[in-house]
Each structure stands twice: as C-alpha cells, then as structure tokens.
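Everything numeric in this text was worked out from a predicted model, so none of it was measured.
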Amino acid sequence: MPRYELCVILKAMQRPETAAVLRRTVETLLERGALVRSLESLGERRLPYKISKHDSRHTHGGYFSVDFHASPKTVSELLDHLERDIDVLRPTVLKKDTELSKAQCCGAQAEKAKSATSR
C-alpha cells in the first residue's frame, strides 16, 4: 500500500470537540483498511484568507497531519467523507515517497564527484 499524508484544517473548536473530529477521521481510515503511522498537531493559527464552508466564514483553524498507508480507493473515499464533515475546512492528501532514489541520495552524488575528480 502506498504511503500518504493527510493535511487537514479543522474549524476552531475546544479541545474535546477537536479530539472527537480527529477520532472520527482516524476511525474512518482504520475501518477502510488503512494503517495509521502518526497523527501530529501543527497548532491553531489564523487562516491566510477567510474560508467559507457549510454556510459559515472561518478566520481561524487547527492544522493537523496524519501519516498513513492505504489503497488509492481508500484515499478517494476518505476525501469524500471529509468533504461532507461539517468540522473540516480543508482536507488535502499528498502521496509520500517511501524510498529515496539514487539521484536524491547525497551519497551517490558524492561518489560521482569523487570519481569525476580522480580522472
């Protein structure tokens, strides 16, 4: 299963309500067969612009990141679920690289430079 990162902005709420929304989100992932690796709070901040969602205008929100493994079908179902959730302002899913390619590895670049100078 590919690795994904869910970045979600929740409307500004008290801690118990925020925990309930995150619990619902993680339970939705687990019910669909995903493997959740981590959940990270990135804090509550002022939004860069006002977001109108579900007949309300929001200026503050809580930023969270969920790292998980899931099938592509699960990801599309999750996004559909989160778009309907009235507490979620902006869900975004990013596919993460599981391995570094040789071109990205600094060790491979150092070996190329070393072999080029020894000629």
Strictly by salt bridge (charged side-chain N to carboxylate O under 4.0 Å, His left out), give each pair with a member in residues 33-47 just once, sequence neighbours left out.
Arg37-Asp67

Under the side-chain contact (heavy atoms from CB on, under 4.5 Å) rule, what do Asp87 and Met13 come out as? Steps first, then yes or no, please.
CA-CA 9 Å; Asp87 297 323; Met13 299 178 284; 3.9 Å; yes

Is there side-chain contact between [X] and [Y], with at least one heavy-atom pair below 4.5 Å?
X     : Y     : value
Phe68 : Leu39 : no
Arg32 : Leu78 : no
Val21 : Val8  : no
Ile51 : Arg90 : yes
Glu77 : Lys73 : yes

Over all atoms of both residues, closest heavy-atom pair of [X] and [Y]:
X     : Y     : answer
Leu94 : Cys7  : CD1-SG, 4.3 Å
Pro91 : Leu79 : CB-CD2, 4.1 Å
Ala70 : Val75 : CB-CG2, 4.5 Å

I need the [X] [atom1] to [Y] [atom2] distance, nearest 0.5 Å.
X     : Y     : atom1 : atom2 : answer
Ile86 : Ser56 : CD1   : OG    : 8.5 Å
Asp80 : Thr28 : CG    : OG1   : 12.0 Å
Leu29 : Leu82 : CG    : CG    : 8.0 Å
Phe64 : Thr18 : CZ    : OG1   : 5.5 Å
Leu35 : Met1  : CG    : CE    : 6.0 Å
His58 : Lys11 : NE2   : NZ    : 6.0 Å

All side-chain hydrogen bond (donor to acceptor under 3.5 Å, both in side chains) counterparts of Asp85, not counting sequence neighbours
Arg24

Restricting to side-chain hydrogen bond (donor to acceptor under 3.5 Å, both in side chains), what partner residues turn up for Glu83, sequence neighbours left out?
Lys53

Are [Y] and [X] connected in a single hydrophobic cluster, I mean Ile/Leu/Val/Met/Phe/Trp/Tyr linked by side-chain heavy atoms less than 4.5 Å apart?
X     : Y     : answer
Leu30 : Leu22 : yes
Val36 : Leu10 : yes
Leu42 : Val66 : no

